[in-house]
Amino acid sequence: DVSGNFNLNEVLDKTIVTLKEGSFRDFNLSGRTAFRWNKQDAIEIVYTAYVPDMGDEKVKFTQWFCYFNDRFYVLTYSA
């Protein structure tokens with residue numbers, strides 16, 4: 001659960017900084033889009049990066065973030 005003062009954009013800003021600073025090698029944010037998901041505000045980010053221990057193949061990620069009923073949801077697709 002999260003407090004009632006949840007700001008989706010602030011959470012995404014911090015998430016992107018974390019991804020850039022250490023989770024992946026050669027992180028490249030290619031898109032960030034706000035949209036409505038099941039009548040709720042949501043944000044999609046799309047990025048590519050090299051994942052540790054996966055060799056030299058770059059992986060593309062699409063993630064959706066949404067806050068609803070005091071819960072934070074993340075949907076992740078990788079290819």
Could you tell me whether the side chain of W37 reaches within less than 4.5 Å of the side chain of L75, counting heavy atoms only? yes
Would you call I16 and R32 a side-chain contact if the rule is heavy atoms closer than 4.5 Å? yes
Could you grab the distance from atom NZ of K14 to atom CG of N9, nearest 0.5 Å is fine? 12.0 Å
Measure the NZ-OG distance between K60 and S30 for me, rounded to the nearest 0.5 Å. 6.0 Å
Determine the minimum heavy-atom distance between W64 and E44, stating which atoms define it. NE1-OE2, 2.7 Å
Between the side chains of K20 and D26, is the shortest nitrogen-to-carboxylate-oxygen separation below 4.0 Å, so that they form an ion pair? no
Linking I/L/V/M/F/W/Y whenever any side-chain heavy atoms sit under 4.5 Å apart, do F35 and I45 land together? no
Path from I43 to F61 over hydrophobic side-chain contacts below 4.5 Å: yes
Check: F27 and R25 side chains under 4.5 Å, non-hydrogen atoms: no
Tell me, with the steps shown, if D13 and V17 meet side chain to side chain contact (heavy atoms under 4.5 Å, CB included). CA-CA 6 Å; D13 291 342; V17 167; 5.8 Å; no
Give a yes or no on this: more than 12 heavy atoms of other residues, nucleotides or ligands lie within 6.0 Å of atom NZ of K58. yes
Does F65 share a hydrophobic cluster with L29, counting links as ILVMFWY side-chain heavy atoms below 4.5 Å and allowing steps through other members? yes
Ring pair (Phe, Tyr, Trp, His ring centres under 6.0 Å), that's the test. Do F72 and Y67 meet it? Break it down for me. CA-CA 4 Å; F72 181 58; Y67 178 72; 7.4 Å; no
Any non-hydrogen side-chain atom of N28 less than 4.5 Å from a side-chain atom of Y47? no
Which heavy atom of F68 sits nearest to which heavy atom of Y73, and what is that distance? O-CE1, 3.7 Å
Please find the pair of heavy atoms, one from S78 and one from V59, that lie closest to each other, and give the distance. CB-CG1, 4.0 Å
